[in-house]
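Below: one structure, written as structure tokens.
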Amino acid sequence: MGNAFACMPRKEQRAAAVVSRSKRMGSARSARGGPKLTPAEEELLHRQALAMAIHQHLDAGGSMSRRIDAGASMSRRMAPGSTSSRRRGDLPDSVMNAKTVQVVLENLETKKIVLVHGEGFGAWCWYKTISHLEEAGLEPVALDLMGSGIDHTDTNSIATLADYSKPLIDYLEKLPEDEKVILVGHSCGGASVSYALEHYPKKISKAVFLTATMVKDGQRPFDVFSEELRSADVFLQESQFLIYGNGKDKPPTGLMFDKQQIRGLYFNQTPSKDMALAAVSMRPIPLAPIMEKLSLTPENYGTVRRYFIQTLDDHMLSPDAQEKLVRENTPDGIFKIKGSDHCPFFSKPQSLNKILLEIAQIQAPATLLPGKAGAEEAPEKP
């Protein structure tokens, strides 16, 4: 169940041909020593993703998710920017800066990074992140959770977090026993990551919560957003964004913000072309999974290293709410992205990539060195 970018049938790979050409250009440029995509190539990547979104939106009844040739080779290596962090228990504050370090692939615990989208999104939202990580020599896979992206399950029928997370759990279940992955969960995708940590901790090297619902045992994902969306009880009684798929006389089954709300909450720093991509790709949010209390134990969930990435211009999950999350459920490391809205894979893709590369290189046991918290970021290109 669900769509893995790395598992797309050959006949559906034609849409990625032009992207592969741009990758070959990148490889040639790498030989000359230039590590970054040109503005023209960035623009081309955006246009391709939007074109694929519109095409699939028309062909598949309004949902979209597509592979950007995750299996293609790329010789170019992206040098990650260094970030500063501290040891567990000190609530480290790490902020991106312009310094770079070399990725040493041989020293990585795993090259596999599984990207788990947030509410309403799909595997499609990671297209920039996939491109950057592949260029660094890693092996990213983006999944569609149930009822998301091109998974055609009716969101009104999704009754549990286990249902919603099934594509991720299926992926981990099929993973060979001697392999591990890094999980990256965005927004409410953090609940699916937490669920996976509880059920398959031995197959997960690290978990990254990207402005995500890093909940405690017995907490609901929705509770994380209560500051912005009011308490669950009030929200369920008064919200105009609820969907009653089983009739008005039954409990609500889904949630869908209007376009103006989505723009203000999620995309206040996102380029307009990525907002256009989201407009034709986002799906209703199944309500039951985010209203379910998680059961998390120290013996399973607690054995995997966790990292939290804060976004400092986030209107959906405010910086204060993010600070509360990391105070109450302390991770092994905290990273911050200046100027990012709730969707850094759109608004700050390079900064996000640098942090993910640094986290991938952290060895067990995690030893995070203090650095220059508050340093300035390198200029960001959309």
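Between Ile334 and Pro331 there is a side-chain heavy-atom pair separated by less than 4.5 Å. Counting only heavy atoms from C-beta outward, the side chains of Asn353 and Leu133 approach each other to under 4.5 Å. Ile243 places none of its side-chain heavy atoms less than 4.5 Å from the side chain of Thr155. Inter-residue side-chain proximity for Pro344 and Leu210 is flagged as met; some heavy-atom pair is nearer than 4.5 Å. Counting heavy atoms from C-beta on, the side chains of Val184 and Trp126 come closer than 4.5 Å. Within the 4.5 Å cutoff, the side chain of Asp274 has no heavy atoms near those of the Cys125 side chain. Using a 4.5 Å heavy-atom cutoff, the side chains of Met275 and Lys259 are not in contact. A 4.5 Å side-chain heavy-atom check between Thr297 and Glu198 finds at least one atom pair inside the cut-off.
Panel note: side chain Thr253, backbone Gly245; a donor-acceptor pair is recorded below 3.5 Å. With hydrogens and angles ignored, the 3.5 Å screen pairs a side-chain donor or acceptor of Lys203 with a backbone N or O of Glu173. Thr213 contributes a side-chain N or O that, together with a main-chain N or O of Ser187, makes up a donor-acceptor pair within less than 3.5 Å. Formation of a donor-acceptor pair under 3.5 Å by the Arg283 side chain with backbone atoms of Gly122 is not found in this model. Glu292 places no side-chain N or O within donor-acceptor distance of the main-chain N or O of Ala162, the cut-off being under 3.5 Å. Between the side chain of Asn329 and the backbone N or O of Leu325, no donor-acceptor pair lies under 3.5 Å. When atom types are taken as modelled, the side chain of Lys348 and the backbone of Ile337 share no donor-acceptor pair closer than 3.5 angstrom. Between the side chain of Lys128 and the backbone N or O of Pro349 there is no donor-acceptor pair closer than 3.5 Å.
For the atom pair OG (Ser192) and CG (Leu143), the distance works out to 10.0 Å, reported to the nearest 0.5 Å. Distance check, rounded to the nearest 0.5 Å: CG of Asp144 to CG of Leu168 gives 12.0 Å. The CG atom of Leu108 sits 11.5 Å away from atom CD1 of Ile362, with the distance rounded to the nearest 0.5 Å. Interatomic distance, Leu161 CG to Arg220 CZ, rounded to the nearest 0.5 Å: 13.5 Å. Note: His199 NE2 to Leu296 CG = 9.5 Å, rounded to the nearest 0.5 Å. The OG1 atom of Thr303 sits 8.0 Å away from the CG atom of Leu197 when rounded to the nearest 0.5 Å.
The aromatic rings of His342 and His186 lie tilted to each other, with the angle between the two planes from 30° to 60°. A parallel orientation is assigned to the rings of Phe308 and Phe209, their planes being inclined by less than 30° (bins at 30° and 60°).
Of the charged side-chain nitrogens involved, none lies within less than 4.0 Å of a carboxylate oxygen, so that Lys206 and Asp332 do not count as a salt-bridged pair.
Paired with Tyr266 under the rule ring pair (Phe, Tyr, Trp, His ring centres under 6.0 Å), one option of Phe121, Phe345, Phe346 passes, and it is Phe121.
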Evaluate Lys174 against Glu179 for salt bridge (charged side-chain N to carboxylate O under 4.0 Å, His left out), listing each step before the verdict. CA-CA 10 Å; Lys174 295 173 184 176; Glu179 290 189 20; over 6 Å; no
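The two residues Ala136 and Leu105 have their closest heavy-atom pair at O-CD2, 3.4 Å. Between Pro284 and Met256, the closest heavy-atom pair is CA-SD, 3.7 Å. Between Lys336 and Glu323, the shortest heavy-atom contact is NZ-OE2, 3.3 Å. Across all their heavy atoms, Gly339 and Asp313 have their closest contact at C-CB, 4.2 Å. Nearest heavy-atom pair, Gln322 versus Ile309, reported as atom, atom and distance to 0.1 Å: OE1-O, 4.1 Å. Looking at every heavy atom in both residues, Asp314 comes nearest to Leu265 through OD1-O, 4.4 Å.
Here His117 pairs with nothing under the ring pair (Phe, Tyr, Trp, His ring centres under 6.0 Å) rule; sequence neighbours left out.
Side-chain N/O atoms of Tyr164 and Glu119 include no donor and acceptor closer than 3.5 Å. Side-chain atoms of Thr270 and Asp341 form a donor-acceptor pair, as typed in the model, at a separation below 3.5 Å. Judged purely by distance below 3.5 Å, without hydrogens or angles, the side chains of Asp320 and Ser318 never pair a donor atom with an acceptor atom.
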